[in-house]
Amino acid sequence: MLHDWGVIAAAFGYIGFLFLVASYGDRLSPTQRGRASALIYPLSLAIYCTSWTFFGSVGFATRTSVDFLAIYIGPVLMIALCTPLLRRVIKLAKSQNITSIADFIAARYGKSQAVAATVALIAIIGSVPYIALQLKAVASSLETILSKDQAFSSIPLVGDIALIVTMAMAVFAVLFGTRQTDATEHQHGLMLAVATESIVKLVAFIAAGAFVTFWMFSPVELIESAMKTPEAVRAIDYTPSIGNFLTMVLLSFCAIMLLPRQFHVSVVENSSDAEVGRARWLFPLYLVAINLFVIPIAIAGLVTFPFGAVDSDMYVLALPIEGNSPLLSIGVFVGGLSAATAMVIVECVALSIMVSNDIVVPLVLQSGPESRAAQKDFGNFLLRVRRFAIFGIMVMAYFYYRALGNTQLAAIGLLSFAAIAQLAPAFFGGLFWRRATARGAMGGMLVGVCGMDLHAVPAELPGRQCRRPPAAAARAVRNRGVASAIPVRCRFAAASARRAVEPLAQPPDLPRAVARTPAVLDRAIASGPVCAEYACADGADIPALAHHGDRAGHSEHGGAVSRPRSRAASIRSLRGHPPHPP
């Protein structure tokens, strides 16, 4: 049996192990670092595989079959086929001592401080839900693995595992991410810890997949059982939407470069061009390996836990527990924790650099010479700002996690991807378009974020659904059908039970979601004078981007953006269900 204190000890023991790895990485000699970088850089790129990959991909596959692969095709296209673009970005960043995605975009617009601050704010808005996703995954995995022994959770305050994990991750990020003032200095210890975590989560996921596919079931037995399970049959027969699939490919293509943590590990922490060449084939292989057993685990979960007995996002952990393998269960839990901690730590470090360099420091420097003179050690001031920023971001993510309710992990990830994608026109256009202004780029990013149709994201509304469908409702569905499952304690519990026996819902129209997040700009702004004195990162005359559009942009949607709908119809459309019959 898995006991509370044993699982908690394993979690904190693993975090302590990461401290040792990071400390060892900081003490490596330059020669040792050079040899290790052959694997550290490609593995650090695998920070892209977070709890969404480790837990959420399986849950996503139970609803939309192979659609989850779109999230990984985009990164493969960027790293494997667009290597010249990545090398150019790295070259420009090194030539200008770029420390973040905000600095890079601002450098393409004459080093506009307003552009940098705008990018920093959008990055924070898009990253806080993603960090909350990691907290939710860790909390859900703890709830799953501790479901038979809840003595620990009865302790006041200490029983709030999510809060403890939040503070532990914040402390780790502060200790190993804010050691030096110069953010361009390579953080070898932190990157070694991230690479180690990439290995841990890969081994844990493959071990879980092999156990489920070849131990709990045989491949033939798994297929035969799936053919006898209606839910598994519906998942297998699901026909992906080409529009949704291509949209997710586009979002992930942008995310692998624009997410603050990805820019940090791929650009800021890059040491040589040879690392990019190795990552070109090692990183795609990593993505293939970590997704090998997603479909088998999803099918096994649908066969083993019918009628929503276990959250589909937790199948990868619940199946080893069901198979009476406590050691593997703890290993899988540690793998999920590893996937979450790596993302949270590097994301917080990257965001804290943007907060200090692009928001706080400019305000301090503009306040007058008296304030600058009062700062006897500006370096220590920068470090304090970054540390406070890390704790502040983690606190916001914790409260966001508390408001998530029963939202699926994939829905939260897509929301963050959509927010970060608003930086894409300014980022990529700034590399190639010579006739744009900083004001146009800022306007495009702001209009894009403000115009995001959050209701089009395939997410459950926070607080509108029970944490778990009532057992009575599920039993009624099994015994007498959906009609007798009411009344229930929660308004939407009947809908949850009905989804267990209805065909898998079609996902919301993601292309429509993107189409309804326009970055439409007035031509009067976009066509303003271009400053000839722009100092481009490579010394070439490559100014920037303003996202052009026309005044008819909103009318093209026929007013659909603001057309009101009834609450019931909105909720049904969010879940991908057809409206209730009259």
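Worth knowing before you read on, the calculation uses all heavy atoms, side chains too, and leaves out hydrogens, waters and symmetry mates.
How far CG of L18 is from CE of M169: 10.0 Å, rounded to the nearest 0.5 Å. Put simply, NE2 on H188 and CE on M191 are 10.5 Å apart, with the number rounded to the nearest 0.5 Å. One finds the CD1 atom of I40 at 5.0 Å from the CG atom of L192 (value rounded to the nearest 0.5 Å). Separating the CG atom in L287 from the SG atom in C49 is a distance of 5.0 Å, to the nearest 0.5 Å. In this structure, CG in L337 is found 5.5 Å from CD1 in I15, a value given to the nearest 0.5 Å. Expressed to the nearest 0.5 Å, how far CD1 of I73 lies from CG of L250 amounts to 12.5 Å.
Considering only residues two or more places apart in sequence or on other chains, V171 meets the side-chain contact (heavy atoms from CB on, under 4.5 Å) condition with L175, F391.
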(request) Before giving the answer on side chain to side chain contact (heavy atoms under 4.5 Å, CB included), spell out for T53 and K201 the whole-Å C-alpha distance, their side-chain angles and the decisive distance to 0.1 Å. (result) CA-CA 10 Å; T53 294; K201 64 191 177 190; over 6 Å; no
(request) Apply the test side chain to side chain donor-acceptor pair (under 3.5 Å) to residues S44 and E269: give CA-CA distance (whole Å), side-chain angles for both, the deciding distance (0.1 Å), then the verdict. (result) CA-CA 9 Å; S44 66; E269 294 293 340; over 6 Å; no
(request) Start with the C-alpha distance between L45 and L282, add both sets of side-chain angles, then the distance that settles side chain to side chain contact (heavy atoms under 4.5 Å, CB included), and finish with yes or no. (result) CA-CA 10 Å; L45 292 180; L282 280 177; over 6 Å; no
(message) Show, in sequence, the C-alpha distance, side-chain angles and deciding distance for Q96 and K111, and conclude whether the side chain to side chain contact (heavy atoms under 4.5 Å, CB included) test is met.
(response) CA-CA 10 Å; Q96 290 289 304; K111 297 190 176 181; 2.7 Å; yes
(message) Between V355 and V360, is the side chain to side chain contact (heavy atoms under 4.5 Å, CB included) condition met? List the steps.
(response) CA-CA 6 Å; V355 170; V360 175; 4.0 Å; yes
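With hydrogens and angles left out, the side-chain atoms of N357 and R386 include a donor and acceptor closer than 3.5 Å. The closest side-chain donor-acceptor pair between S338 and Y14 falls under 3.5 angstrom. Between Y41 and S266, the side chains place no donor N or O within less than 3.5 Å of an acceptor N or O (distance only, hydrogens not considered).
At least one donor-acceptor pair closer than 3.5 Å links the side chain of Y286 to the backbone N or O of S198. The closest donor-acceptor contact from the side chain of Q262 to the backbone of Y48 lies under 3.5 Å. Between the side chain of S352 and the backbone N or O of A389, no donor-acceptor pair lies under 3.5 Å. Between the side chain of K94 and the backbone N or O of V89 there is no donor-acceptor pair closer than 3.5 Å. Proximity of a side-chain donor or acceptor of Q422 to a complementary backbone N or O of I122 within less than 3.5 Å is not detected. A donor-acceptor pair under 3.5 Å is formed between the side chain of S416 and the backbone N or O of Y130. With hydrogens and angles disregarded, no donor-acceptor distance shorter than 3.5 Å links the side chain of S140 to the backbone of A137. For S252 (side chain) and A70 (main-chain N/O), a donor-acceptor pair under 3.5 Å exists by modelled atom type. In terms of modelled atom types and a separation under 3.5 Å, the side chain of S100 and the main chain of D103 share a donor-acceptor contact. Remark: side-chain polar atoms of R280 are paired, donor with acceptor, to backbone N or O of A80 under 3.5 angstrom.
Side-chain contact check for M354 versus I101: some heavy-atom pair is nearer than 4.5 Å. Contact check for I359 versus L121: side-chain heavy atoms found under the 4.5 Å cut-off. Residues I131 and C348 have side chains in contact (heavy-atom distance under 4.5 Å, counting atoms from C-beta outward). No side-chain heavy atom of F60 sits less than 4.5 Å from a side-chain heavy atom of V294. Within the 4.5 Å cutoff, no side-chain heavy atoms of P84 are placed close to those of R87. Using a 4.5 Å heavy-atom cutoff, the side chains of R108 and L92 are in contact. Considering only heavy atoms from C-beta on, M314 comes within 4.5 Å of F55 through its side chain. Side-chain contact between P75 and F253 is absent, with no heavy-atom pair separated by less than 4.5 Å.
Contact record, R261 with I47: NE-O, 3.5 Å, taken as the closest heavy-atom pair. In plain terms, the two heavy atoms of D313 and G59 that are nearest each other are OD1-CA, 3.4 Å. Between S127 and L351 the shortest heavy-atom distance is CB-CD1, 3.6 Å. Nearest heavy atom pair, residue V267 against residue A93, reads CG1-CB, 3.4 Å. Across all their heavy atoms, L251 and A421 have their closest contact at CD2-CB, 3.7 Å. I390 approaches A170 most closely through the heavy-atom pair CG2-O, 3.9 Å.
Ring orientation note: the planes of F19 and F172 are nearly perpendicular, at an angle over 60° on the 30°/60° scale. Between F205 and F54, the ring planes lie perpendicular to each other; the angle is over 60°, past the 30° to 60° tilted range. Using cut-offs of 30° and 60° on the angle between ring planes, the pair F68 and Y72 is perpendicular.
Put simply, the residue from L258, V268, I98 that forms a side chain to side chain contact (heavy atoms under 4.5 Å, CB included) with F104 is I98. Screening L135, L133, V395, V128 for a side chain to side chain contact (heavy atoms under 4.5 Å, CB included) involving Y400 leaves a single residue, V128.
Here F417 and W52 bring their ring centres to under 6.0 angstrom of each other.
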